[in-house]
Amino acid sequence: MPLLGSFCLLFALALSAYCFVVGIVGAVRKDFVGYRMAETARRAGMATFAAVTLAAFALVWSAFANDFSVSYILHHSNRALPAPYKFAVLWSGQEGSLLFWSWLLACYGFVLRLRHKVDQRLVANTSMVLAGIQVFFLLLCNFVANPFGMEPGPMAADGNGLNPLLQYPEMVIHPPMLYLGYVGFSLPFAFALAALIMRYPGEKWIHITRRWTMVTWLFLSCGIALGAHWAYAVLGWGGYWGWDPVENASLLPWITGTAFLHSVMMQEKRGMMKMWNIWLIFTTFMLAILGTMLTRGGAVSSVHAFAQSAIGAWFYWFLGIVFVVCLVFFIINRDHLASENRLESLVSRESSFMFNNLVLLAATFAVLCGTLFPILSEAVRGYKITVGGPFFNKVVIPIGLFLIFLTAVGPLLAWGSTSWGSIKRNFAVPFLASVVLGGGLIAFGVRPFPDMAHFYTFLGALITLDYLIHFPDMTHFYAWLTFVLSTLVIVTIASEFIRGGMVLRGKLSTNLLAAIYHLTRRNMRRYGGYVVHFGMILFFIGVAGQAFNQEKEQEMGIGDKLQVGHYTLTLTADNHDDTPLYESWATILDVQKNGKPYTTLYPERRGYKASGGQPLTVVANHISLQEDLYVIYEGQNDGRPIIKAFINPLVVWVWIGVLVVVLGTGLALVPNAARVTVPVPAAATAMERQQGMQPAGVGK
Amino acid sequence: MGADTQAARFEKLGGKIMCTCSCAQMLLKCNHVGCPNSAQMIQQLHAQVNSQPDDEKVLQWFREQWGVTAVVEPATHGFELIAWLLPPVVAALCLGLLIFIVLTWRKRAIAAGPPDTHLDPHMEALRARARQETEI
């Protein structure tokens, strides 16, 4: 099997190189021969998928067959590893994850090439760009990080096992989701570059890629959320986001992808921001590659990063080539991207999109700056500093709050320009609701500032523009402001649904709920988008809950009590277990809330044998809508368990928010129930015939 | 240097150093019973604060002793100040640029009279068709 895998990888490289080179020739020659060559390139691209699939299959097979003669299998699997985790071996190490990346890219490419009739010329050029990316990853798989490298000497009796931290059900799903997101952005990138190269008329490439981009964005969102949930459930430090460079690396393309999904609407509706959109998708793809380069190349320290290796240099070169190619074609064809409309007013839907993009870009830059600063520091000062959570929280949270504000304001503004009367009419109720909530929170003890001195320090810092540097702890102010702005957004979204529903209720002679359903079905993209916004707001509310976290740690014997907040934890039993895979220590804790029996928790700590006793925390978490009671078995002191308990308010809303975002994106992907018929002028159809364009949707 | 100042320095620096026992907590917040590192690191911080007047040198000492990941926040002076200033400065520049572009466009539109509604008919037709096909 390793031999077959190696052969398939080499064969796949040859096929994708053929697809790339012949694709270029086909694109240059616009005659019948060129068309035939492009067709052979397309088929070679599809065959690449078969070859890479076989290679991936060979690696998984080797894991299932416990073939420890393969170095990668020896270091990432063992005999006792449960079957689902044998699949996870494929993406648990550097070599395997690069093969997995190549395979996903081949999958996307296969689907694209299969549906080439949507627009044969555009797809041929897109396929060529994708093949170029594929060649790079297959070069890495074949010559830099070969997953089928053999171990010298006799085969080992057992392997080193999969990292215990990865032996968790979500970990089987999290990396594929994340990779589907990362790799998926290759497709809109390839479409954009192909459209730019061939000076593709109109915005059809955006319409074709819209669903691809949304699905990719959804995968990346799910991947990031699953990673956060895994960190919360497995790492046992009580949080879910630590601003680790690898986490940041996944966040960067997500933010620019989000900006792209918003700004393409400007191009679709008004023919504006064409250059911006092209560069946004170029940047998104390059950030995905940059993230890979940073972590796989070991350029920055991270708990996720693989060891320093020569692979980073390859990514530097690839990134450089991609940037130069994009820049060259942009310079040559930039006149093709001229805007057809101008912004008429600062208070308009267009400008809200532009501000939204600006804020998202600022967030991208802040995260990128913090992530790359260690490298810059090493280059300039000779030592690599660490930029951690405190920096990112200070810089990114204010940007996030401004984004929430824009989420509330944007949908209420009209295209073109918005009158003052309209602003007053649309904003009165949401503004009033948020003011009432803000006052209510203060009345119930959720104060933005603990005392007036804190408030004066805040004012002083604002006035002296010393906001970021010497700033008091603003945790509670940020949380309070998040709740206020979230109310503004939620009421805004609700008013959009209700206002539209009321208009339709009269027309359809039905009740309001049915009218809102019909309203949504008539414009799934718009109202699905509102549901996504609502999900993001729930997410932010969950994040704001962190400001009120409590924690307590204690060494406990049988019958001892630990008091944290209004919970009392009593240790009733202490167990030790020994399985073929791991040794474990666990306790049974009876929990009382306000003196009344509440639940029983079983925190556990495992030591995995194949990994030299590497520990894994099994968190005992009691979830409620109000707060999580999160308990970990931290270790032992003289044989007595050490228990740490956290009260994490509102965390569940982070996960509910993600589910609502998934639902909203799903809704936005569903076609509308009723189509609006727009007459197509005869001039256009004649020109389309001349250019041999096919209508969008053919072959879908 | 007074005891109050030293205590304030200790608190301030402790908020920039991370416990290296992989608990992902700041040094002064790490309260693990039996933590292998925090007690020693806190002692070292006390000693460094008392012997070394320069905060940056204390942090650099921790970087050398415990690895570069022990200090989590860039300094607010010198070269590392750039990390703090870059994001707001770039955001402000972009905002300024955006406002400038919008104002320039508005001035041009006012100077040119009523808005030009004669868009490229071919592009408008294609866009209309795209809107129809993509159900916007």
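Note that the structure is a prediction, hence the values are computed from the model and not measured. Convention: sequence-line order gives letters A, B, ...; per-chain numbering from 1.
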request  = Please round to the nearest 0.5 Å and tell me the distance separating atom SG of B:Cys94 and atom CE of A:Met354.
outcome  = 11.0 Å
ask   = Given a strict heavy-atom distance threshold of 4.5 Å, which part of A:Val387 is in contact with chain B: side chain, backbone, both, or neither?
value = both
key: With A:Thr617 via side chain to side chain contact (heavy atoms under 4.5 Å, CB included) - residues at least two apart   = A:Arg605, A:Val619, A:Ile632
message = If I measure from the heavy atoms of chain B, does A:Phe373 come under 4.5 Å with its side chain, its backbone, both, or neither?
response = side chain
Proximal component of B:Leu59, with respect to chain A [non-hydrogen, under 4.5 Å] = neither
request  = Might you work through the salt bridge (charged side-chain N to carboxylate O under 4.0 Å, His left out) test for A:Glu268 and A:Arg525, ending with a clear yes or no?
outcome  = CA-CA 13 Å; A:Glu268 286 173 316; A:Arg525 184 180 180 183; 2.7 Å; yes
task = Classify the angle between the aromatic ring planes of A:Tyr240 and A:Tyr232 as parallel (below 30°), tilted (30 to 60°) or perpendicular (above 60°).
result = perpendicular
ask   = So, do A:Ser348 and A:Ser351 sit near enough that their side-chain heavy atoms are less than 4.5 Å apart?
value = yes
query = Got a second to check how far B:Gln52's CD is from B:Lys57's NZ, nearest 0.5 Å?
reply = 5.5 Å
Within residues 358-368 of chain A, residues adjacent to chain B where the heavy-atom gap is under 4.5 Å = A:Leu358, A:Ala362, A:Phe365, A:Ala366
Atom pair OG/CG of B:Ser38 and B:Leu45 - distance to nearest 0.5 Å = 12.0 Å
